[in-house]
Amino acid sequence: MQIIEMRAIRGPNYYSRHPVIFMQLDIQELEMKPTDMVEGFKKNMESMMPSLYEHKCSPGRIGGFFERLDRGTWAGHVVEHVALELQCLAGQEVAFGKTYNTDKIGIYNLVYRYIDENTGLRAGKMAVDIVERMFDSIVTDIKPLVSELKEISTWSLLGPSTQSIIDEASKRGIPHIRLNEESYVQLGQGIHQRRIQATIMDNTSALGVEIADDKERTKNLLASMGIPVPRGLSVISEDEALKAAETIGYPLVVKPLVGNHGRGITVNIISKEELLNAFRTASDICQTILVERYLEGFDYRVLVIDGKFVAAALREPAYVIGNGKDNIEKLIEEINKDPERGVGHENNLTQITIDYMTERFLAVQELTLKSILADGRKIYIKSTANISTGGIAQDVTENVHPLNQLMAERVAKIIGLNVMGIDIIAASLESPLESGLSGVVEVNAAPGFRMHLNPTKGTPRNVSAQVVDMLYPAGVAHSVPIVAVTGTNGKTTTTRLISHILGLNGRVVGMTSTDAVTINNVPILHGDYSGPEGVKKVMMDPTIDQAVCEVARGGILRRGLGFEVSDVGILLNITSDHLGEGGINTLEELTRLKSTVTEAVKPSGYAIFNADDMRVLSCLNKTKAKPILFSKNLHNQALKDNLNKGNMNVTIKDGIIIIQKREWISKVSSVIDIPITFDGKAEFNIENVMAAIAATAALGLNEAQIRAGLVSFSTSIEQSPGRMNMIDMGDFKVVIDYGHNTGAINATGEFIKALMPGRKIRMASGVGNRRKEDILEFGVALSNFYDHIILCDSDPRERNVGETAQIVQEGLIKGGFKPDRITKVLDEREATKVSLEMAKLGDVVVLQVDNIEQVIKDVLDYKKKLLKRMIKSREISNSVLQ
């Protein structure tokens, strides 16, 4: 088998509302070898992955997948299920998967759910290898593969503290964006965004973090404010450490001045030899070492969020209990088999590692790893109680004395941290701390939440709720309104028009399109950003309070939508374009793909449909949002039905665009007063205008606000580059337009013909990644409206340069176009020049552009030359007359 293509789809998509892995797989000769033709296939699968019995598959019952294996199914389908189960065995519960036939024998499209992208992709590749071996009756040992997937997820997934905050935010409908491969995350969108890194907030005091990182500074500051702390000194040499020990007195604790997770800390030091060894261990972490008095008692962690005490845990270092037969090393191995223990932050508890700290603790007790403990004897094997070193935690939140709670809140305010973990050594927290017997030994600026969220014993505390409450108090917005625009033609113009209307009315708009990412009318990134990457850039911008996003089919298909839900979704039209790409071969499939946009609108939002397009109208019942229909036909039955259901329409009555509701009609603007309709002649733009009116009305703008935007927006180069830009060259006109498919040609053709009395000259270019039949049809459409065609090849894609132009020429001739009215100039800039030089009085030159900026510049430069010629000609004429 061979994987042809594989990618992660990250947002709502053609296949699912959830993220999925897409794989196109060639099963080659296995197309002729379903599972029922392989002896022992089901038996081998059961022995290798018995948990696949839980997969219901198409029979819809447990064991259904194994039934399919018995009946006979194909390799691609098996790969789908194995990829899902590998992820489940690695601790990531996923269920959805589907395998699709294609029009090519042996080629299948697979999609399956994932939680972590890297784990999902690797599981798919593993599944292909496993299944291919199964067809040769070779059973794979999957244990090392599952271990590899667990390791991948350990590095890829967010830590438990960060993930818990995201999970809590998600419960409240707050979106998030992961900003790097670690724990840097954005909650919310645009102007409402907040950013966190693990448990450090965007407004966490940098000074507070700096103080907390310096253990001596922290201790001195707290002591000066009456907080009990152990006596200690900072040192930088072994001699200084020995002198500090004489001053403070044994037993001691040695720790790096700056550090975390208990690294380099040694406790209960009772001799010079131990002190020097501890100093060297701590020196590996930080050059400056803190030597302080060891306090007898239990290790507690108190958590303060937003100045309020929220949780406390009793932490106990990793330990073993003897059974009279196994040595200590074996006892540790058995503890690590606990499914609750994982690598790093994988599970609630962490596996115990054997290191210097372990060996030292054993040596102090005159033990080694090979020692056998008496039955029931308990010994500690770590000096610190950190969960990350294998410790356990017991929730004691309800048992903390009120004075200790108040002290913890004071500590957080003294240091100046809005999220703080406070480490306390005390006999108990049920009584106020006593100086000299108990005290604060450390504070943490990025405390872990795991011990509170999932304590080994006691009540779990949803401490992440307090974090989200702090970031987003009740009534505070977290998301910006999102308008998503899709369709075959008109997307960019509609997106720009909506953005213009909103911007004119005080909104700071982030816009994505096939041209750029634009923030507050300023392009910040140039290129095609009509996919999810463009949406991400807009949502990350901290200045925007409104997003308007053009959504192209390629983006939906390849990566999914860039948002979970939108407030307004618009489906303009559906005509043949891009068919044959990515498994979308029919208009029905294209319709389903485009409807992803209107299906992703939240129930309280609005889905806007073109009621004059029956394919668009077929998507109406798939949305959960409130529908708004628009139509040029006031008497469209769909409008009447929508109105009777209490919904809103946009239509035209007596040349005026109106908003209809059952109770009222509101006049927005005369069609001829809107510049981009060209006095009502450009019907394609009338549809775009109605869609924009529907969207902005849905967002709460009134008729006057919408009208102001409509009448101040034009198809000028400045406001809408590459979309019906009309330039008066004196004797002739030039129209610059991106329209590059049959639908665009048919929509604009009659309008172009009516512009000028002379010839209609078009520079045209097919797109190389279209099917041959679509490129031919494009040529046929051109033949209906133009007198001369200059063929270039600005976008060959997978075809050889000139090949697409040749197919367009065949389509032109098929449509009755005479060959002598076709000129081939494959370079776009040269073709532009030829087209302009061909124009005469009364002609219209239409330039279908790929490189919009360059063609506009070339046309304007040519106009300057014409103007200079005209001036020079007049000067000569005046000279002759004189």
Side-chain angles (χ1 to χ4, degrees), residues 207-300 315 317 355-367 380-386 389 411 414-415 421-427 433-445:
L207 180 58
V209 172
E210 185 177 327
I211 294 170
D213 278 348
D214 187 329
K215 294 178 175 60
E216 184 178 32
R217 187 178 178 185
T218 297
K219 190 173 63 168
N220 292 339
L221 180 57
L222 293 179
S224 73
M225 298 301 292
I227 305 296
V229 297
R231 185 183 179 194
L233 296 168
S234 62
V235 300
I236 60 172
S237 69
E238 293 182 1
D239 286 342
E240 288 184 5
L242 292 170
K243 289 178 182 178
E246 291 176 6
T247 302
I248 298 168
Y250 293 94
L252 298 167
V253 174
V254 169
K255 60 181 76 170
L257 188 67
V258 177
N260 54 28
H261 299 300
R263 294 180 302 163
I265 297 177
T266 307
V267 303
N268 201 14
I269 297 165
I270 58 175
S271 68
K272 289 183 179 180
E273 182 183 356
E274 287 184 11
L275 174 62
L276 294 175
N277 286 334
F279 180 91
R280 292 160 192 156
T281 300
S283 296
D284 291 336
I285 307 299
C286 180
Q287 185 177 0
T288 303
I289 310 302
L290 188 61
V291 179
E292 64 183 27
R293 180 75 179 181
Y294 173 70
L295 297 176
E296 292 283 353
F298 296 105
D299 187 327
Y300 292 95
R315 302 188 297 177
D355 55 13
Y356 164 77
M357 187 190 297
T358 309
E359 292 172 347
R360 172 188 170 276
F361 251 56
L362 293 175
V364 167
Q365 299 169 82
E366 298 182 349
L367 297 168
Y380 290 106
I381 52 178
K382 297 288 183 181
S383 61
T384 61
N386 296 69
T389 60
V411 168
I414 290 167
I415 302 299
I422 304 170
D423 294 340
I424 298 173
I425 299 296
L433 299 190
E434 291 186 53
S435 183
L437 298 177
S438 56
V440 174
V441 295
E442 190 170 324
V443 300
N444 298 270

[atom2] on [Y] to [atom1] on [X], rounded to 0.5 Å:
| X | Y | atom1 | atom2 | value |
| --- | --- | --- | --- | --- |
| Leu242 | Thr247 | CG | OG1 | 11.0 Å |
| Thr266 | Glu274 | OG1 | CD | 9.0 Å |
| Lys255 | Thr281 | NZ | OG1 | 15.0 Å |
| Ser438 | Ile425 | OG | CD1 | 9.5 Å |
| Glu216 | Leu221 | CD | CG | 12.0 Å |
| Glu292 | Leu233 | CD | CG | 10.0 Å |

Trace of the side-chain contact (heavy atoms from CB on, under 4.5 Å) decision for Leu437 with Leu295: CA-CA 6 Å; Leu437 298 177; Leu295 297 176; over 6 Å; no
Within 6.0 angstrom of Phe298 CZ, more than 12 heavy atoms from elsewhere: no
Please report the shortest heavy-atom distance between [X] and [Y], naming the atom on each side.
| X | Y | value |
| --- | --- | --- |
| Pro256 | Cys286 | CB-CB, 3.7 Å |
| Val254 | Ala282 | CG1-CB, 4.1 Å |
| Phe279 | Ala241 | CD1-CB, 3.9 Å |
| Val443 | Thr218 | CG2-CG2, 3.5 Å |
| Val229 | Ala223 | CG2-CB, 3.7 Å |
| Ala244 | Val235 | CB-CG1, 4.0 Å |

So do the side chains of [X] and [Y] get within less than 4.5 Å of each other, counting heavy atoms only?
| X | Y | value |
| --- | --- | --- |
| Glu210 | Arg217 | yes |
| Leu275 | Tyr250 | yes |
| Glu442 | Ile265 | yes |

Qualifying residue for side-chain contact (heavy atoms from CB on, under 4.5 Å) with Lys215, from Leu290, Asn220, Thr288, Val441: Leu290
Test side-chain contact (heavy atoms from CB on, under 4.5 Å) applied to Ile269 and Asn277, Val253, Val291, Leu252, the passing residue: Leu252
Look at the side chain of [X] and the backbone N and O of [Y], then say whether any donor-acceptor pair between them is shorter than 3.5 Å.
| X | Y | result |
| --- | --- | --- |
| Ser234 | Ile289 | no |
| Arg293 | Gly232 | no |
| Arg315 | Asp423 | no |

